[in-house]
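One structure below.
The figures here come from the full heavy-atom set of this structure, side chains too, leaving out hydrogens, waters and symmetry mates. Residue numbers run from 1 in the order of the sequence given. Values in this document were obtained by computation on a predicted structure and should not be read as measured data.
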Amino acid sequence: MNAAKLASNPGTMSPAKEKWNRYWESIRYAFHVIFHPFDGFWDLAHEKRGTIAAATTFLVLFLVTRVVTLMFTNFQFINAPLQYVNVFEQTASLLFPFLILCLANWSLTTLFEGKGRFSDIYIAMCYALVPYVIIQLPLVFVSNIIAFDEGAFYNVLLSVSVIWSVLLIFVGLMQVHDYSPGKTLIFLVATVLGAMIIIFLILVFFSLLGDAVSFFISLYREIAFRLN
């Protein structure tokens with residue numbers, strides 16, 4: 001029945017193709033966001049121009065960029081011996097703090113009367129990582145064809161990628177929560193503090209969990225020894 005309808009109406013798009021087109025449209029929209037952040041982030045949050053799939057794509061590219069940078073950047077420009085680079089460790093060291101920052105930001109929305117949902121915060125912060133990717137990935141190649149004396153240009157672009165992304169995070173959260181710049185700055189400080197508290201609680205939880213496991217293992221061994 002559905003196939004017959006699609007055949008009789010060529011203009012009708014299948015759900016899968018519609019989702020695919022929406023995904024690519026949200027990918028392309030990232031270039032509008034990074035150059036026109038105020039209306040771009042507003043449309044991401046309020047006009048639903050972004051998608052979770054596209055945001056996750058940018059997050060994955062961010063993680064890949066970091067690993068590629070550590071592994072393939074010319075040794076003159078980075079102090080990261082390849083034999084000591086653990087891909088999973090490097091990925092986790094960025095992914096978990098990023099997700100915890102999103103969680104802390106969302107957790108404080110009630111206290112600061114923010115309007116953003118967790119998905120809005122996640123999408124905005126992922127889209128803000130795009131300059132980091134589009135600048136630092138090509139720099140990996142550039143680092144292998146320039147001399148050390150030309151490193152000033154390389155270092156400037158590295159700084160630009162980080163500063164650009166940080167500014168986009170600032171504007172993105174301001175638009176998502178509909179805050180003033182001053183309130184956004186206070187909110188970001190509170191978010192970092194909240195993330196540190198969450199990390200501390202997680203560490204305490206796993207420390208207590210490890211102690212509990214060790215206690216029960218010791219108890220089991222003691223009982224087994226006495227029974228024997």
Point-to-point distance, once rounded to the nearest 0.5 Å, from CD of E25 to OG1 of T51: 10.5 Å

Atom CZ of F118: over 12 foreign heavy atoms under 6.0 Å: yes

Donor on one side chain, acceptor on other, H177 and D120, under 3.5 Å: no

Spacing of CG belonging to L70 relative to CD belonging to Q90, to within rounding of 0.5 Å: 5.0 Å

N105 side chain reached by L101 side chain, heavy atoms, under 4.5 Å: no

Any residue meeting side chain to side chain donor-acceptor pair (under 3.5 Å) with T91, in chain and number order, not counting sequence neighbours: none

Heavy-atom closest contact (A45 atom, V176 atom, distance): CB-CG2, 4.0 Å

Close side-chain approach of I199 to I202, heavy-atom, < 4.5 Å: no

Sub-4.5 Å side-chain heavy-atom contact between T109 and I121: yes

Pairwise side-chain contact, L103 with W106, heavy-atom cut-off 4.5 Å (strictly under): yes

Point-to-point distance, once rounded to the nearest 0.5 Å, from CG of D43 to CZ of F38: 13.5 Å

Same cluster (ILVMFWY, side-chain, under 4.5 Å), I134 and I163: no

Inter-residue atom distance I198.CD1 - F96.CZ, 0.5 Å rounding: 14.0 Å

Where L59 and C126 come nearest, the two heavy atoms and their spacing: CB-SG, 3.9 Å

Side-chain heavy atoms of V33 within contact of V130, under 4.5 Å: no

From CA spacing to verdict: side-chain contact (heavy atoms from CB on, under 4.5 Å), L203, F200: CA-CA 5 Å; L203 292 176; F200 173 76; 5.7 Å; no

Worked verdict on L158 versus V162 for side-chain contact (heavy atoms from CB on, under 4.5 Å): CA-CA 7 Å; L158 281 182; V162 174; 6.0 Å; no

Residue pair A54 / S26: nearest heavy atoms and the distance that separates them: CB-OG, 3.2 Å

Y179 side-chain N/O to F112 backbone N/O, donor-acceptor pair under 3.5 Å: yes

Heavy-atom side-chain proximity of P181 to F170 below 4.5 angstrom: yes

Residue pairs, two or more places apart or on separate chains, that pass side chain to side chain donor-acceptor pair (under 3.5 Å) and touch residues 154-175: Q136-S161

Shortest non-hydrogen contact from M125 toward C102: SD-SG, 3.6 Å

From L61 atom CG to R66 atom CZ, the distance as rounded to the nearest 0.5 Å: 16.0 Å

Greater than 12 external heavy atoms within 6.0 Å of H36's NE2: no

F41 CZ to I34 CD1 distance, which is reported to the nearest 0.5 Å: 9.5 Å

Within 6.0 angstrom of K115 NZ, more than 12 heavy atoms from elsewhere: no

Side chains of L139 and T73 in contact at under 4.5 Å (non-hydrogen atoms): no

F187 reachable from M196 in the ILVMFWY side-chain graph, under 4.5 Å edges: no

F35 versus F31, closest heavy-atom pair with distance: CD1-O, 3.0 Å

Cluster link L137 to L94, ILVMFWY, side chain under 4.5 Å: yes

Residue pair L129 / F98, side-chain heavy-atom distance below 4.5 Å: yes

Cluster overlap V133 with V156, hydrophobic side-chain contacts below 4.5 Å: yes

same_hphob_cluster(I123, V166) at 4.5 Å side-chain heavy-atom cutoff: yes

Nearest heavy-atom neighbours spanning G50 and R22: O-NH2, 3.5 Å

